[in-house]
Amino acid sequence: MAATTDPDPIQTNPTLNPPPNKRIFILSGQSNMAGRGGVLKKLHRWDGVVPPEAQPHPSIFRLSAKKQWEVAREPLHADIDTEKTCGVGPGMVFANGVRERVGTVAVVPCAVGGTAIREWERGEKLYEEMVKRARYSVKDGGEIRAILWFQGESDTSTENDADAYQGKMEAFVANVRRDLALPSLPIIQVALASGSKYIEKVREAQLGMKMENLVCVDAKGLELQEDNLHLTTHAQVTLGQMLADAYLTHFDAPLSDHCP
């Protein structure tokens, strides 16, 4: 299937009821998870080009900002990360990459651009909204299978933030597993492709974390846009495939835990 241009990327999809056996994936972090692929910076507009790997599919659903299920389509975070223009991220490519193996896929977008790890601490608005959306996603059945996490660029500017990153990330993982009553919930973290002065400190923390059921895929070297911060559409396709491979390799087995 060739890449297509979406004439109305922010249109509302019909509300649907996915089957109760859906496999749910939480998408969280900051702008590169929310997706800036194809965003024309000077025009503050998405070019509307959807690569073949990110095309909609009847077995892939998305939880909207209003907590309604709909057929998923790019840009997944358009009504979540509302302060900036969203484009292609890794989420749709990931979903297409796992659906044949896992069946019906449901994604829950939660990422917001420009956010630091401290804004994802327990009790903070972004964290609590993510947990609320995750809990809602299983209301009518389904199982949360993993969190896909791409964040850290905002923590590379100062040495203090970079030094604190690993401890804060470990606390995030422990808290979200406890709050969702999923003590073995898989977390797939992306090691940064871009950042500021202390990027290597944050990358070292990300790549070196030793927690059960936490794996890391490395985005270093993926193509960046002219801003040297955001991944291009092509790079997002590659990242989505990397995330799908990581999930299928490490976690494609039924979880014994169930979300309350």
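Small disclaimer: the values here were computed from a predicted structure and weren't measured.
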For Leu229, the other hydrophobic cluster members (4.5 Å side-chain criterion, sorted by chain and number) are none
Checking Glu129 against Lys67 for the salt bridge (Lys or Arg N to Asp or Glu O under 4.0 Å) test, could you report, in this order, the C-alpha distance in whole Å, the side-chain angles of both residues, the deciding distance, and whether it holds?
CA-CA 11 Å; Glu129 181 64 18; Lys67 297 187 177 70; 3.7 Å; yes
| query | Are any non-hydrogen side-chain atoms of Arg122 and Glu128 less than 4.5 angstrom apart? | reply | yes
Residues 171-191 vs ring-ring contact (aromatic ring centres under 6.0 Å, His included), sequence neighbours excluded, gives Trp149-Phe172
*Min side-chain heavy-atom separation Met169-Gln206 under 4.5 Å*: no
Discussion item. Regarding Tyr165 and Gln151, do their side chains bring together a donor and an acceptor under 3.5 Å, going by distance alone?
Written reply: yes
- Task: Any chance you could lay out the salt bridge (Lys or Arg N to Asp or Glu O under 4.0 Å) test for Asp81 and Arg36, step after step, and finish with the verdict?
- Result: CA-CA 11 Å; Asp81 189 14; Arg36 300 291 188 263; 2.6 Å; yes
The reported gap from OG1 in Thr115 to CD in Glu153 (rounded to nearest 0.5 angstrom) is 9.0 Å
Salt-bridge criterion met for Lys168 and Asp161 (N-O under 4.0 Å) = no
Within-4.5 Å side-chain heavy-atom neighbours: His230 and Asn32: yes
Heavy atoms of Asp218 and Met242 approach each other most closely as O-CE, 3.1 Å
Rounded to the nearest 0.5 Å, the CG atom of Leu185 sits from the CD1 atom of Ile147 at a distance of 5.0 Å
One should read off an interatomic distance between Ile26 CD1 and Met33 CE, to the nearest 0.5 angstrom, of 11.0 Å
*Return yes if some donor-acceptor pair links the side-chain N/O of Arg23 with the main-chain N/O of Asn21 below 3.5 Å, else return no.*
yes
query = Got a salt bridge between Arg203 and Glu200, using NZ or NE/NH1/NH2 to carboxylate O under 4.0 Å?
reply = yes
**Message:** Are the side chains of Lys84 and Ser31 in contact, using a 4.5 Å heavy-atom criterion?
**Reply:** no
Using only atom types and a distance under 3.5 Å, with no angle test, would you say the side chain of Tyr247 pairs donor to acceptor with the backbone of Arg145?
no
field: Side chains of His234 and Thr232, donor plus acceptor under 3.5 Å
entry: no
Okay, side chain of Gln189, backbone of Cys216: is any donor-acceptor separation there less than 3.5 Å? no
message = When you group the ILVMFWY residues by side-chain heavy-atom contacts below 4.5 Å and let the links chain together, are Tyr136 and Leu180 in the same group?
response = yes
Compare all side-chain heavy atoms of Pro90 with those of Leu148 and state whether any distance is below 4.5 angstrom. no
*Backbone of Val176 reached by a side-chain donor or acceptor of Tyr127 within 3.5 Å*: yes
So CG of Leu222 and CD of Gln236: to nearest 0.5 Å the spacing works out to 8.5 Å
Original post:
Can you check whether Thr233 reaches Val49 side chain to side chain, under 4.5 Å on heavy atoms?
Top reply: no
The reported gap from CD in Gln241 to CG in Asn96 (rounded to nearest 0.5 angstrom) is 10.0 Å
Under the 3.5 angstrom rule, does the side chain of Arg45 hit a backbone N or O of Thr85 as a donor-acceptor pair? no
**OP:** Would you check if the side chain of Glu74 reaches a backbone N or O of Ala54 as a donor-acceptor pair within less than 3.5 Å?
**Re:** no
Output for pair (Ser157 OG, Ile199 CD1), nearest 0.5 Å, gives 10.5 Å
Any heavy-atom pair between the side chains of Pro109 and Arg62 that's under 4.5 Å?
yes
### Task
May I ask whether Val237 and Leu76 are part of the same hydrophobic cluster, defined by side-chain heavy atoms of I, L, V, M, F, W, Y residues being less than 4.5 angstrom apart, directly or through others?
no
Joint hydrophobic cluster, Trp46 plus Leu40, side-chain heavy atoms closer than 4.5 Å:
no
